[in-house]
Amino acid sequence: MPYRLSTLFLRTLREDPADAEVDSHKLLVRAGYIRRAGPGIWSWLPLGLMVKNKIEKIVREEMAAAGSQEVHFPGLLPKEPYEATGRWEEYGDNIFRLKDRKDADYLLAPTHEEVFTLLVKDLYTSYKDLPLSIYQIQLKYRDEARPRAGLLRGREFIMKDAYSFDISDEGLEVSYQAQRDAYERIFKRLGLDYVIVKADAGAMGGSKSEEFLCPAPIGEDTFVRSSGGFAANVEAIRFEVAQEQDASKTPAAEIHESPKTPTIATLVDFSNQNHPRKGGQWTAADTLKNVVLALVSPEGKRSLAIVGIPGDREVDQKRAEAWFSPNDVEQATEEDFSKHPQLVKGYIGPTKSGSQFLGEKSASKIPYFLDPRVAKGSSWITGANEDEKHVWHLTYGRDFSSDGIADIAEVVAGDPAPDGSGPLELARGIEIGHVFQLGRKYAEALDLKVLDENGKLVTVTMGSYGIGVTRLVAVIAEQSHDEKGLIWPEAVAPAQIHIIAAGKEESVFEAAEALAGEAEEMGFDVMLDDRKVSPGIKFADAELLGMPWVIVCGRGLEGGEVELWDRASGERLTVKLESALAEITSRRK
RNA sequence: CGGGAUGUAGCGCAACUUGGUAGCGCACCUGUUUUGGGUACAGGGGGUUGCAGGUUCAAAUCCUGUCAUCCCGACCA
């Protein structure tokens, strides 16, 4: 039976909801697909559910093809497994916690690595049982500080999460690739435009990780890509250390008074006025800015680190967090400075009076790292660690050393890709999938071991693979709409064909009804607008709801003709009633 | 957590400055009308104005507190 608009549980809105900012959010609410139940919590109306179910079906088909078996865990879980891996604490306020009548702690699962691992431990004990890949499509709960943009970041959302269990690293690589391939097929079938980027693997203790991002200005992730095919999340990009330069002609380092030059801009001006160089003005790129960071360890221990970066760059907070993970990174406070009176704010540099000053083995004992762009043999204008004094021609490798690199400077459009594949462009994206080689972190924490062929216990290695199913609904809507409404790809549209009875004569309704029956026999899902309302309302709603094909049965019917709309291209043509469905079949992609 | 904004009917908004017990459009119900781009007219139902306290003869409106939501940032397998 077709879905009849005369009885469908649906009310479309003429105006955008006032609290919606993002197109997918506005349209999904206006077109009656979802309804807000609370902050970041959504109810699904029939149309929304149809789309979500079709996405899930595609995911299930491709998971099966990839050899993954579906299971289902509870959303309500006891805290013990999460204590074992430390995440009961680590997740902090992001977990919804609750207590039962005996005052025992429970949580609404934000993710399921622990219980998947424990279930496998429960049942399997031999290498012969592996490899294994299992997944579920489940609700996740995260008490996000700021839910936003409708379905894009909710506090309750559906995720497909899959986990692989292997005996060897080579096996993990195979399992990882199988999931990655499945993701590519899924997103292609959904008609999505996406990029695969290198992701930061540090936080989860794993070795390799990639994200699937849909480019969109409203995206929350920033990524870079080059024309030559390099792509990475900005948090994950790592630059090569710059090649050593010839410093044989570099003048010796000179310390000079530099009154009132606590910032890079004032220092550059001062240099050009008082110490001009041949062959061009000094610029910010000739200065070495030494940024004082406070690192906070997971145990809460606070220590300082200083990073030297070219003066024309800023520290990227997210990249710094990723680099120094698991430590948190904060700006050094006045209090931090007061504990280190030898640091002269605005005039910090790697050396003092000609000898090394920063670094673990130096006088200050403060670790000192350098941006990878700081090449051996390059020379810099930088602080002299005395009030209102800087040093010129200070040369890395000749005059000072470091404790290593810290690749935490902001990435700027036009920076060369680390693999030499061209200049980078910056873009924003929405994360729709993440594949991750977890390695043995969870297996170790939860003691998941199996006997190998020699009868020895070995720790299993794992991968985890996630797709945000409800987020996909929003992302598809975001990528595929116009000012009139949604435009679903055929694979996920509630119905492929939307038939409008435009007129009041009985014959129009009969023809539309007959056509709907015929379309269903051909295997189409059909939306039939059999309401007794004026055609204008039906046209507007058809465009808002977004089925890919619209057939209008109306005034052309006397001549045996109907109108066929291609919602995506906007093309409209008049065709014979009896050839309308064949026309759609021949035009389908 | 920091900054900004907003809470009045299912949705979008007005009334608040200058207190007098709530109104418009959409949606909904009834009737007539209209039927290829949200028809027109008439009638109607629906709101303890986020919550609590205070001032006052009288509070959507003034005062205090509180809660919530949205946006930007911080945070976020």
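None of the values given here were measured: they were computed from a predicted structure. Just so we're on the same page: letters track the sequence lines, and every chain starts at 1.
Between the side chain of A:Arg30 and the base of B:G10, no donor-acceptor pair of N or O atoms lies under 3.5 Å. Remark: the A:Arg153 side chain and the B:C76 base include a donor-acceptor N/O pair separated by less than 3.5 Å. With hydrogens and angles left out, the side chain of A:Glu543 and the base of B:G37 share a donor-acceptor pair within 3.5 Å.
When distances run from any side-chain atom of A:Glu21 to the nucleotides B:C13, B:C71, B:G37, the shortest one goes to B:C71. Proximity note for A:Arg14 (side chain, C-beta onward) versus B:C11, B:C26, B:C76: the nearest is B:C26. Considering only the side chain of A:Thr12, B:G38 comes nearest among B:G12, B:U35, B:G38. Closest to the side chain of A:Trp565, from the set B:U35, B:G37, B:U39, is B:G37. Checking B:G12, B:G37, B:G36 against every side-chain atom of A:Ala540, the shortest atom distance belongs to B:G37. Between B:U35, B:C28, B:C70, one nucleotide has an atom nearer to the side chain of A:Ser534 than all others, and that is B:U35.
Rounded to the nearest Å, the gap between the C1' atom of B:U61 and that of B:U55 is 13 Å. Atom P of B:C72 sits at a distance of 50 Å from the matching atom of B:U34, rounded to the whole Å. The separation of B:U69 from B:U30, taken at their P atoms, amounts to 38 Å, rounded to a whole angstrom.
Rounded to an integer number of Å, the gap from CG of A:Leu13 to P of B:G25 is 18 Å. Rounding to whole angstrom units, CG of residue A:Asp19 and P of B:C11 are separated by 9 Å. Straight-line distance from the CD1 atom of A:Ile218 to the P atom of B:C72: 10 Å, rounded to whole Å. A straight line from CG of A:Asn94 to C1' of B:C1 spans 13 Å, rounded to a whole angstrom. For A:Asp541 and B:U35, the CG to P distance is 20 Å, given to the nearest whole Å. Straight-line distance from the CG atom of A:Asp16 to the P atom of B:G10: 19 Å, rounded to whole Å. For the pair A:Lys26 NZ and B:C70 P, the interatomic distance rounds to 15 Å; values are reported in whole Å.
Checked by atom type, the side-chain pair A:Tyr194/A:Glu184 shows a donor-acceptor distance below 3.5 Å. Donor-acceptor pairing under 3.5 Å is recorded for the side chains of A:Gln136 and A:His112.
When ring centroids are compared, A:Tyr33 and A:Trp488 come within the 6.0 Å threshold.
Salt-bridge formation is not detected for the pair A:Asp566/A:Arg572: no Lys NZ or Arg NE/NH1/NH2 atom is positioned less than 4.0 Å from an Asp or Glu carboxylate oxygen.
Minimum heavy-atom separation, A:Pro494 to A:Tyr3: O-CE1, 3.6 Å.
When both distances must be under 3.5 Å, the Watson-Crick or G-U wobble mate of B:U6 is B:A68.
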